Amino acid sequence: MGARTSAVASMTAGVIARFTFTRYLVASVIALCGDMLLFLGLLKADVTPAAAGFAGYAGGLLLHWMISIRFVFTPSDRATHGQRLGFVASAIIGLAITTGLISGLSATGLAPALAKLIAVPVSFLAVYAIRKYGVFSAA
């Protein structure tokens, strides 16, 4: 019975490991909700779109880190200093993409919230690739 339980546990772990992108997507949606709430709240408080985008992204980043290290890229050991630095570096790239697109698109007359929605998938895919194949490649 023990060998069978071990085999099922091993198979289950393998299946779960294949769904890294799905877990990352769920974590990103949760973080994006926090990001957008902060972003829209700051816009309502008359903060500039670029500053609101920056603050929203930073808040979402903190939430994403907490979810990522527990449920997405569950390393066998605690998160390393290098992973923390890599996570922040990838976030800076995502932040630059997000802020640049929001700033540039809203300067053309596009509504800031719509500009943010355009920036989201671009930033998401770039940052996912960096984290999956760089920051957490050994996880």
Side-chain angles (χ1 to χ4, degrees):
M1 190 66 119
R4 187 173 198 200
T5 303
S6 178
V8 169
S10 178
M11 186 176 75
T12 302
V15 169
I16 290 170
R18 290 186 181 100
F19 291 103
T20 302
F21 184 81
T22 303
R23 291 190 316 268
Y24 188 83
L25 181 61
V26 170
S28 295
V29 168
I30 293 167
L32 179 60
C33 288
D35 175 346
M36 284 298 286
L37 284 171
L38 185 55
F39 174 72
L40 294 172
L42 290 171
L43 284 179
K44 191 166 180 94
D46 291 326
V47 174
T48 65
F54 180 92
Y57 193 95
L61 171 67
L62 180 60
L63 182 57
H64 208 298
W65 168 257
M66 292 186 302
I67 296 168
S68 290
I69 62 170
R70 287 174 180 81
F71 303 110
V72 179
F73 302 109
T74 53
S76 56
D77 298 323
R78 296 183 74 181
T80 66
H81 186 63
Q83 286 173 328
R84 287 184 194 98
L85 289 174
F87 195 89
V88 170
S90 66
I92 290 169
I93 293 168
L95 181 59
I97 292 168
T98 300
T99 305
L101 285 173
I102 291 170
S103 183
L105 292 172
S106 44
T108 66
L110 193 64
L114 191 55
K116 173 114 174 129
L117 289 176
I118 292 169
V120 166
V122 176
S123 176
F124 171 82
L125 291 172
V127 172
Y128 173 76
I130 293 166
R131 290 177 183 165
K132 168 85 173 149
Y133 300 108
V135 177
F136 295 105
S137 62

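Everything numeric in this text was worked out from a predicted model, so none of it was measured. By convention here, the first residue in the shown sequence is residue 1. Any value given below was found using the heavy atoms of this structure, including those in side chains, with hydrogens, waters and symmetry copies removed.
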I need the full list of side-chain hydrogen bond (donor to acceptor under 3.5 Å, both in side chains) pairs touching residues 100-118, with sequence neighbours left out, sorted by first then second residue. Asp35-Lys116
So the side-chain hydrogen bond (donor to acceptor under 3.5 Å, both in side chains) pairs with at least one residue in residues 44-55 (sequence neighbours excluded) are none
Using the rule that two of Ile, Leu, Val, Met, Phe, Trp, Tyr join whenever any of their side-chain heavy atoms come within less than 4.5 Å, decide whether [X] and [Y] are in one cluster.
X      : Y      : answer
Leu25  : Val72  : yes
Val47  : Leu37  : no
Tyr24  : Val135 : yes
Ile69  : Val127 : yes
Ile130 : Ile97  : yes

Solution key, residues 85-96 side-chain donor-acceptor pairs under 3.5 Å, sequence neighbours excluded:
| residue | atom | partner | partner atom | Å |
| --- | --- | --- | --- | --- |
| Ser90 | OG | Gly86 | O | 3.3 |
| Ser90 | OG | Phe87 | O | 2.8 |
| Ser90 | OG | Arg131 | NE | 2.8 |
| Ser90 | OG | Arg131 | NH2 | 3.4 |

Residue pairs passing the salt bridge (charged side-chain N to carboxylate O under 4.0 Å, His left out) test where at least one lies in [range], sequence neighbours excluded:
range           : value
residues 88-98  : none
residues 86-115 : none
residues 88-102 : none
residues 50-65  : none

Compare every heavy atom of Leu114 with every heavy atom of Leu110, then report the nearest pair and how far apart it is. CD1-CD2, 3.4 Å
Between Ala27 and Ile67 the two heavy atoms that sit nearest each other are CB-CG2, 3.3 Å
What residues, two or more places apart in sequence or in another chain, satisfy side-chain contact (heavy atoms from CB on, under 4.5 Å) together with Leu40? Met36, Leu43, Ala113
Less than 3.5 Å apart, which donor and acceptor atoms pair up between the side chains of residues 52-65 and the rest of the protein, not counting sequence neighbours?
| residue | atom | partner | partner atom | Å |
| --- | --- | --- | --- | --- |
| His64 | ND1 | Ser68 | OG | 2.9 |
| His64 | NE2 | Ser28 | OG | 2.8 |

Kindly state each residue pair satisfying ring-ring contact (aromatic ring centres under 6.0 Å, His included) with at least one member in residues 32-52, sequence neighbours excluded. none
Just jot down the side-chain hydrogen bond (donor to acceptor under 3.5 Å, both in side chains) partners of Tyr128, sequence neighbours excluded, or say none. none
